[in-house]
Novice: 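Below is a structure I'd like to ask you about.
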Amino acid sequence: MTPRALLERRLRSHRLTAPAATPADAARHMLAVQSQDLLAGRWALGVRTKGAPTLTAVDAAFERGELVRAWTMRGTLHIVPARDLAWVLSVTAERQRRQAAGRHRDLGIDDEVMTTASRALAPALRDGGCTRAEAFERFESVGIDPRNQRGIHLLFALTIAGEICQGPLVPNGRGVAREQRFVRVEDGIRESDAPDDPLAELFIRYIDGHGPAGVADFAWWSGLTLGTAREAAERAADRVDEVGEGLYAASSTPRRSPKAAHAFALPAFDEYYISYADRTAVCAPEQLDAVGPGKNGMVRATLVADGRVVGTWSHADATRHLPPELFDGATQTEPTGSALARFAAFVAA
């Protein structure tokens, strides 16, 4: 597969040149979009939706219970379709639990503390959910100090245990909502899918939304070991196509839209960049440090033209109509300007 063909196929798989009808449809296709930055995660769905998507439309999907946010893999927050959360965690939760075990021992988080924390949250969760600050107050009321990241690790542990997730947005009278309520899974998720082989399904769904990609890419994205990733690929072999040496693609990829854009303003931590072990297919090696992950773990928002990263931008600057930071040799064009304007319109609507 040529580099050009690889990028063209990925752009369609990512629903960039073959956008979905709604943000919820985009989420179903991608399965999980990285979202430790909540606005970035919502725009990751917006940029993959046709027409003029709005932040209001994405937030409404959370309100309806179609979308949730949770630590689904690698100890990192992702937006996922609510109906997929349980089976995804059935594959990834134990790996995340093992990776966090040392830190949890240091913080004194054990089964007894987990039970106490869960009981402390129960009244608030039954009454419509709670914010992170309210959860921490509940922990303090039963003698659990939430400082030094103990509180957030408890919320993480209760999430991968299948008890809670983040649902409806908390209204912000000053502008864009930037926080969600933690809710009980049994209250916030009305229906759950149950694939016959969750491990194979995770590989298939990754390839559907990210292919062509290899086993090492899937291992990085899922946080699973390379051995488990190989097993997933083997078990999914009859439902994906091998399109190159060690590269897999979906048997059916969304068709490119006749109105497809040539440039995209992708959010921080976007799947198009972050979800591969080797990112040089979409970004020149000498520019990887400019995008990230940096020492602080940040991955900057990227400007992509014809499938390649040509610069970086910030959410705040785009809303103020300030120019992006273009890499050497790249120039501001009408398509890149339109891409940034689309984000500004998404936030404003």
Side-chain angles (χ1 to χ4, degrees), residues 1-33 40-58 60-61 66-67 79 81 204-213 239-241 243-244 247-267 270-276 281-283 301-311 313 318 321 324 326 330-349:
M1 176 170 285
T2 67
R4 182 68 255 163
L6 175 71
L7 294 180
E8 191 278 333
R9 192 78 175 264
R10 280 191 183 173
L11 286 167
R12 285 190 286 134
S13 293
H14 275 269
R15 287 291 195 179
L16 293 171
T17 57
T22 69
D25 289 335
R28 278 190 286 273
H29 179 79
M30 296 301 297
L31 179 60
V33 295
R42 288 135 88 195
W43 174 233
L45 299 179
V47 76
R48 290 168 167 84
T49 303
K50 68 181 181 180
T54 65
L55 185 60
T56 300
V58 178
E66 296 173 352
L67 303 177
I79 294 173
I204 292 160
R205 295 287 290 277
Y206 169 74
I207 294 300
D208 282 350
H210 301 76
R239 293 176 59 192
V240 294
D241 292 338
V243 294
L247 280 180
Y248 298 89
S251 298
S252 177
T253 306
R255 182 176 298 178
R256 191 181 194 277
S257 169
K259 298 180 180 179
H262 293 279
F264 304 93
L266 301 183
D270 191 75
E271 294 288 308
Y272 185 75
Y273 174 85
I274 195 66
S275 59
Y276 303 92
V282 301
C283 185
T302 55
L303 196 61
V304 170
D306 295 319
R308 298 279 294 175
V309 176
V310 297
W313 62 285
H321 307 291
L326 297 174
T331 57
Q332 180 80 10
T333 64
E334 190 279 330
T336 56
S338 296
L340 292 165
R342 193 168 186 247
F343 169 78
F346 170 81
V347 175

Novice: Answer whether the closest heavy-atom distance between the side chains of Val240 and Ile204 falls below 4.5 Å.
Specialist: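 Touching, per the 4.5 Å side-chain cut-off.
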Novice: What I'd like to find out is whether the side chain of Val58 reaches to under 4.5 Å of the side chain of Phe346, using heavy atoms alone.
Specialist: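 Val58 reaches Phe346 side chain to side chain.
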Novice: Between Ile207 and Ala250, what is the shortest heavy-atom contact and its length?
Specialist: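 For Ile207 and Ala250, the tightest heavy-atom pair comes out as CG2-N, 3.4 Å.
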Novice: With Tyr272 as reference, evaluate Thr302, Val47, Val309, Leu16 under the side-chain contact (heavy atoms from CB on, under 4.5 Å) test and give the passing residue.
Specialist: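 Checked Thr302, Val47, Val309, Leu16 against Tyr272; only one passes side-chain contact (heavy atoms from CB on, under 4.5 Å): Leu16.
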Novice: Taking all non-hydrogen atoms of both residues, which atom of Ala263 and which atom of Ala339 are closest, and how far apart?
Specialist: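 Result for this residue pair: O-CB, 3.7 Å.
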Novice: Could you pull out all residues at least two apart from Phe343 that satisfy ring-ring contact (aromatic ring centres under 6.0 Å, His included)?
Specialist: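 So Phe343 forms a ring-ring contact (aromatic ring centres under 6.0 Å, His included) with Trp43, Trp313, His315.
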Novice: Short question: side chain of His321, backbone of Ala341 - any donor-acceptor pair under 3.5 Å?
Specialist: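 Such a contact is absent between His321 side chain and Ala341 backbone.
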Novice: Mind checking what makes side chain to side chain donor-acceptor pair (under 3.5 Å) contact with Thr253, not counting sequence neighbours?
Specialist: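 Checked Thr253 against side chain to side chain donor-acceptor pair (under 3.5 Å); matches are Arg9.
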Novice: Between Tyr276 (side chain) and His210 (backbone), is there a donor-acceptor pair under 3.5 Å?
Specialist: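 Side chain of Tyr276 to backbone of His210: a pair is present.
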Novice: Heavy atoms only: give me the nearest Val33-Gly41 pair and the separation to one decimal.
Specialist: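 Smallest heavy-atom distance, with atoms named: CG2-O, 4.0 Å.
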Novice: Within this structure, what is the CG-CG distance for the pair Leu6 and Leu11, rounded to the nearest 0.5 Å?
Specialist: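 If I round to the nearest 0.5 Å, the distance is 9.5 Å.
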Novice: If you count the non-hydrogen atoms of other residues, nucleotides and ligands that lie under 6.0 Å from CZ in Arg239, is the total more than 12?
Specialist: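 No - once you tally the heavy atoms of other residues, nucleotides and ligands closer than 6.0 Å, there are 12 at most.
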Novice: Under 3.5 Å, side chain of Thr17 to main-chain N/O of Ala260, donor-acceptor pair present?
Specialist: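 Checking the backbone N and O of Ala260 against the side chain of Thr17, no donor-acceptor pair under 3.5 Å is found.
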Novice: So do Arg10 and Pro212 actually touch side chain to side chain, heavy atoms under 4.5 Å?
Specialist: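 Sidechains of Arg10 and Pro212: in contact.
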Novice: Could you state the interatomic distance from CZ (Arg15) to CG (Leu45), rounded to the nearest 0.5 Å?
Specialist: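 Rounded to the nearest 0.5 Å, the CZ-CG separation comes out at 12.5 Å.
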Novice: Looking at every heavy atom in both Leu7 and Asp306, which two are closest together, and how far apart are they?
Specialist: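 In terms of heavy atoms, the two residues are closest at CD1-O, 4.1 Å.
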Novice: Can you give me the closest heavy-atom contact between Ala57 and Pro23, atom names plus distance?
Specialist: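 Minimum heavy-atom separation between Ala57 and Pro23: CB-CG, 4.4 Å.
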Novice: Sequence neighbours excluded, which residues qualify as side-chain contact (heavy atoms from CB on, under 4.5 Å) partners of Ala21?
Specialist: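 Result, side-chain contact (heavy atoms from CB on, under 4.5 Å) vs Ala21: Asp25, Lys50.
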Novice: Please enumerate all residues that pass salt bridge (Lys or Arg N to Asp or Glu O under 4.0 Å) together with Arg48, with sequence neighbours excluded.
Specialist: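 Arg48 satisfies salt bridge (Lys or Arg N to Asp or Glu O under 4.0 Å) with Asp270 only.
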Novice: Using 0.5 Å steps for rounding, measure from the CZ atom of Phe264 to the CG atom of Leu303.
Specialist: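 One gets 10.5 Å once the value is rounded to the nearest 0.5 Å.
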Novice: If you measure from CG on Asp241 to CG on Leu247, what distance do you get to the nearest 0.5 Å?
Specialist: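 It comes to 12.0 Å.
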Novice: Is a donor from one side chain sitting under 3.5 angstrom from an acceptor on the other, for Glu271 and His14?
Specialist: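 Side chains of Glu271 and His14: no pair found under 3.5 Å.
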Novice: Minimum heavy-atom separation for Pro254 and Ala18, please, with both atom names.
Specialist: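 Reported closest heavy-atom pair: CB-CB, 3.6 Å.
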Novice: For Arg342, enumerate each residue passing the salt bridge (Lys or Arg N to Asp or Glu O under 4.0 Å) test, keeping only those at least two apart in sequence or located in another chain.
Specialist: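 With sequence neighbours excluded, Arg342 shows a salt bridge (Lys or Arg N to Asp or Glu O under 4.0 Å) to no residue whatsoever.
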Novice: Do Pro324 and Leu340 have side chains that approach each other closer than 4.5 Å (heavy atoms only, starting at C-beta)?
Specialist: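 Answer yes - side chains close enough.
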Novice: What pairs meet the side chain to side chain donor-acceptor pair (under 3.5 Å) rule with one or both residues in residues 255-264, with sequence neighbours excluded?
Specialist: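 Found none.
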